[in-house]
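Counting starts at 1 for both ligands and their atoms, following the listed order.
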Amino acid sequence: MRNNVLTDNSNVHYCTGCSMCAVSCPGKAITIALTKDGFYEPCIDEKLCTNCGLCKKSCYKFDNNVLYGNENSSVVYSAIHKNRHELKSSTSGGVSAELMRECIKQGYKVLGVAYDYQKNIAVTKVASSIEDVEQFKGSKYFQSYTIDAFYKSLNDKSNQKYAIFGTPCQIYAISKNIDLNKDKDKFLLIDIFCHGCPSMNLWTKYLEYTKESTGISQFNRIEFRSKTHAWHEYCFTFHSSNTQYSSKKINDPFYTIFFDKNAFNRVCYNCKMRSSLAYTDIRLGDFWGYQYDTNTTGVSAVVLCSDKGKNLFKDVCNEFETRQHTLEETIVAQSYGKLHSCNDKLRKYTLELLSSDLSMKEVMKAYKRTYSFKKKIKIAAKNSIKHLPQKVYLRIKKIVHEI
Ligand SMILES: Cc1cc2nc3c(=O)[nH]c(=O)nc-3n(C[C@H](O)[C@H](O)[C@H](O)COP(=O)(O)OP(=O)(O)OC[C@H]3O[C@@H](n4cnc5c(N)ncnc54)[C@H](O)[C@@H]3O)c2cc1C
């Protein structure tokens, strides 16, 4: 009987693209490739597959019993890096890079997500030095290619310790794998609050559009969520050797589709792992919500889920302005505990547009035709407020949140 992640029909969830099936396959029968829709998925060479079933053991698709827990014992802080450069060059409050540096000092190798400027993809890599972890700064808002780094760290039979940073689905898979291999002590796991991962085709099309509209063919640094217009105002900043360009804070094609949630990986709509703290030592995110809604420089949410996580944060907390909070305050504006409703027809249409030969501009034109009148009015109202001077805009925002 066929017994692998693709041919077994007993799956209860969709594929996350984490690559753990390929990493755990003893016969190297599984490779990971992008689908036409732009998501990583396994391909199996049936000639090499022995149907041992090991690939299913750490796979979310077959887990009927995802654990929750750690909510009551978790300790939560807001954190703002005291160093202005660190704060500006991070997505939120700059906690990730500080933890990574501390891990290196404590003898860990660190796995984080870098951007490959040749292949234009996000890749999980292994870093051994403080200089190496710099490449992990900043969120790249699409799936990362994990297989090589996961393979290296999980098959290292020495006493080398690893600190692994990733999305909740990636950390879930790592946690399952090290549980099976009774290897837990060597690993420290840090995940992020996660809204979902959009199709790689969205990024590829957006990048082409940016190259065309700026006339720059090669960027040497990209800030995927730069703070140019302030922390809350999502935008990209692209750097080339002699110039830089920041996208507008309204109507950005990438972030429009990202926040509309019409091009996410199928599993992201009802992901249970983003609402579980059972597989991670620390969860990091933005401290969204009314408490910091007028902050413009960035605030991290830090949820310490285990003693290991609590001890590590203790070692770096002097670098931050911190305040203790409840978990409820932290998750109020997060996707944590929530399902995203999925309009299958609209998602299919959006993914078709993104995998077509149409330019980003043509895609947006066709995509926006699907907007209802009510949605158009809502967007116009929101955008018009964003044109006001920042002080006035922040005041209005505060009043709206107080109501
Ligand atoms: C797809 C995605 C969705 C997210 N959704 C939310 C959300 O809904 N709410 C929220 O509060 N925060 C979300 N985040 C997390 C947030 O954007 C920041 O990554 C986090 O707050 C850490 O910021 P920082 O200032 O501490 O460090 P930064 O210097 O910004 O560090 C970024 C960290 O993210 C990791 N990373 C970067 N790209 C990826 C990737 N593609 N996959 C996995 N890990 C990656 C890096 O390894 C590093 O650890 C999301 C991140 C991603 C990648």
Within the heavy-atom cut-off of under 4.0 Å, ligand 1 is lined by S90, T91, S92, G93, G94, V95, S96, M100, G112, V113, F136, K137, G138, S139, K140, Y141, F142, F165, G166, T167, Q170, I192, F193, C194, H195, G196, C197, R225, G285, D286, W288, S300, Q334

**Report entry** F258-Y141 aromatic ring centre distance below 6.0 Å
**Finding:** yes

Would you confirm whether the ring centroid of F259 sits within less than 6.0 angstrom of the ring centroid of Y234? yes

Hits for salt bridge (charged side-chain N to carboxylate O under 4.0 Å, His left out) against R221, two or more places apart or cross-chain, chain-then-number order -> E223

The side chain to side chain contact (heavy atoms under 4.5 Å, CB included) partner of I282 among L312, I192, L189, L277 is L312

Partner of K249 under side chain to side chain contact (heavy atoms under 4.5 Å, CB included), picked from E233, H232, H387, is E233

*Say whether E319 and H81, considering side chains only, have a donor N or O and an acceptor N or O under 3.5 Å apart.*
no

